[in-house]
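These notes are about the structure you will find just below.
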Amino acid sequence: MNRREWMTLGAASLAMPAGETQTGPAPQQPGLPIEQYQPKSMLHVPETHVPRSRYPVIDFHTHITGGSGGRIQFSMDPANCLAVMDRKNIRTMVDLTGGYGDGLREAIARLSAAHPGRFAVFTEPAWTKASDPGYPKAQADLIEDAHRAGAQGLKILKTLGLYLRERETNQLVRIDDPRFDPMWEAAGALKMPVAIHISDPEAFFLPIDRFNERWEELHAHPSWSFHGRDFPANRELQEARRNVMRRHPRTQFVCLHVADSEDLPYVSESLDSHPNMHVDIAARIGELGRQPRMSRKFFDKYQDRIVFGTDASSSPGTPQQLFGDALYEIYYRFLETEDEYFDYAPAPIPPQGRWRIYGIGLAEPVLRKVYWDNAARLIGLAGSAAAAPAMPPSDRGPL
Ligand SMILES: [Zn+2]
């Protein structure tokens with residue numbers, strides 16, 4: 001059976017529950033395609049609705065624009081973003097994928113320039129030029145140009161490490177390749193934080209077989225697999241990023257998706273050894289929320305180094321990132337309550353794996369830092385959430 005065929009569950013293969021006596025042959029049930037299986041939890045546990053965050057929020061990780069080669073398209077309407085932001089207590093959205101050149105200028109004109117304080121726009125490297133002679137200096141110059149245009153940070157997609165190849169040899173370009181050193185230094189000198197995504201869940205590097213805990217996610221998105229071929233291992237990518245952080249101590253790095261959300265001991269060790277490292281939590285509450293005790297300790301210990309982010313985009317194919325009220329309410333519930341066993345995405349079937357999550361009920365000072373203070377410091381936004389009144393608990397639904 002290959003992975004494109006349905007995985008089925010058959011009642012005939014299930015054991016009788018303990019304590020029951022069987023008086024005749026078990027009734028045969030037809031198989032059920034796993035895609036149709038939507039078990040409902042029978043737990044009677046508190047369900048808290050958190051319509052607004054306790055403190056004002058900076059969503060450090062969104063994709064309002066996207067594109068390549070210096071051109072961008074808007075995938076979300078800024079007016080619609082503002083309406084959701086106002087309802088959900090989001091003061092600022094960071095559009096990470098602002099491109100460079102004319103595309104970047106357009107993004108800034110329609111976002112951060114048109115709505116000061118409500119949006120921040122990051123620039124991206126000109127990857128298509130990475131094999132050109134003179135690229136290292138030209139790329140550093142482009143960062144300066146982006147800063148002059150109003151960009152507030154630099155975004156590195158996992159293009160670097162997993163897709164970007166040498167024009168001549170087709171070899172993957174290493175994350176710690178020295179040609180990027182002037183770019184990392186320019187970002188540091190200009191106080192532009194580097195939001196850097198490398199690697200992906202470990203299961204994406206493993207065979208897509210019956211042992212793969214993300215079988216359904218990879219089945220839905222086969223191109224997300226990095227198993228086989230010439231891809232480096234997850235740990236090799238992580239270590240290459242650490243080399244970069246070590247070589248550029250003046251530059252602040254925000255390792256996106258908790259750096260490696262499935263291995264918090266490794267992330268903790270990395271944070272301990274790299275004072276210029278931070279993490280965001282975008283698109284990883286499904287991981288953090290299934291290890292709630294370890295996550296809570298992680299937030300408490302690294303409360304000055306964690307920023308709120310969602311990876312919000314307009315794509316319905318990834319409901320765990322679909323921009324809208326429902327997405328933010330799940331994040332707030334995870335961070336603010338101790339609710340048990342709830343969905344990490346607004347979807348009938350958990351899209352990244354069939355598990356549910358537990359709230360970690362962060363203390364108020366920690367929430368304030370994660371929602372606002374840490375990101376505000378990184379991107380140079382004035383003001384502190386401490387000055388803003390917290391939402392009274394009575395407005396937040398049952399506690
Ligand atoms: Zn993203």
Side-chain angles (χ1 to χ4, degrees), residues 57-68 72-76 78 81 84-85 90 92-100 103-104 107 111 119-125 127 151-164 175 187 192-201 204 214 217 220-221 223-224 226 234 237-238 241 252-262 267 277-288 306-324 327-328 330-331 334 344-347 351-352 370 374-375 378-379:
V57 164
I58 296 170
D59 186 341
F60 187 82
H61 188 155
T62 75
H63 300 285
I64 302 171
T65 61
S68 65
I72 54 148
Q73 298 91 39
F74 276 74
S75 55
M76 287 193 255
C81 291
V84 173
M85 292 162 73
I90 301 158
T92 307
M93 258 176 100
V94 180
D95 175 34
L96 289 182
T97 32
Y100 61 94
L104 174 71
L111 292 170
F119 296 102
V121 179
F122 278 28
T123 186
E124 295 173 275
W127 296 125
Q152 286 169 270
L154 169 65
K155 159 72 166 163
I156 307 294
L157 291 167
K158 65 188 175 195
T159 305
L160 181 58
L162 288 168
Y163 296 101
L164 182 65
I175 292 163
M192 296 166 77
V194 178
I196 178 167
H197 175 191
I198 57 135
S199 192
D200 258 333
F204 289 9
R214 292 175 187 269
E217 187 179 26
H221 307 277
S223 65
W224 292 4
F226 299 112
N234 170 50
L237 295 163
Q238 298 281 351
R241 176 167 60 187
Q252 302 302 313
F253 292 86
V254 181
C255 298
L256 303 177
H257 311 300
V258 207
D260 187 348
S261 55
E262 295 156 326
V267 179
M277 173 178 171
H278 315 259
V279 298
D280 89 352
I281 62 170
R284 293 297 182 274
I285 59 169
E287 307 314 312
L288 296 170
I306 302 172
V307 301
F308 179 93
T310 57
D311 211 354
S313 74
S314 60
S315 165
T318 48
Q320 67 274 18
Q321 298 168 229
L322 187 59
F323 180 72
L327 181 71
Y328 289 99
I330 294 173
Y331 273 76
F334 165 64
Y344 58 79
Q352 295 177 281
V370 170
N374 297 338
L378 281 163
I379 57 179

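Order of appearance sets the numbers: ligands from 1, and atoms from 1 within every ligand. This chain uses plain numbering: 1 for the first residue, then up along the sequence. Quick note: numbers below take in every heavy atom, side chains included, and nothing from hydrogens, waters or symmetry partners.
With waters left out, the protein N, O or S atoms under 2.8 Å from the Zn ion (ligand 1) add up to 3.
For the atom pair CZ (F119) and CG (D95), the distance works out to 8.5 Å, reported to the nearest 0.5 Å.
Heavy atoms only, all atoms of each residue included: M76 and C81 are closest at CB-SG, 3.9 Å.
By the 4.5 Å heavy-atom criterion applied to side chains, E262 and P201 are counted as neighbours. Taking the side chain as every heavy atom from C-beta outward, L104 and I72 never approach each other to under 4.5 Å.
Side-chain atoms of D280 come within 3.5 Å of backbone N or O of H257 as a donor-acceptor pair. Not a single donor-acceptor pair under 3.5 Å links the side chain of Q352 to the backbone N or O of E217.
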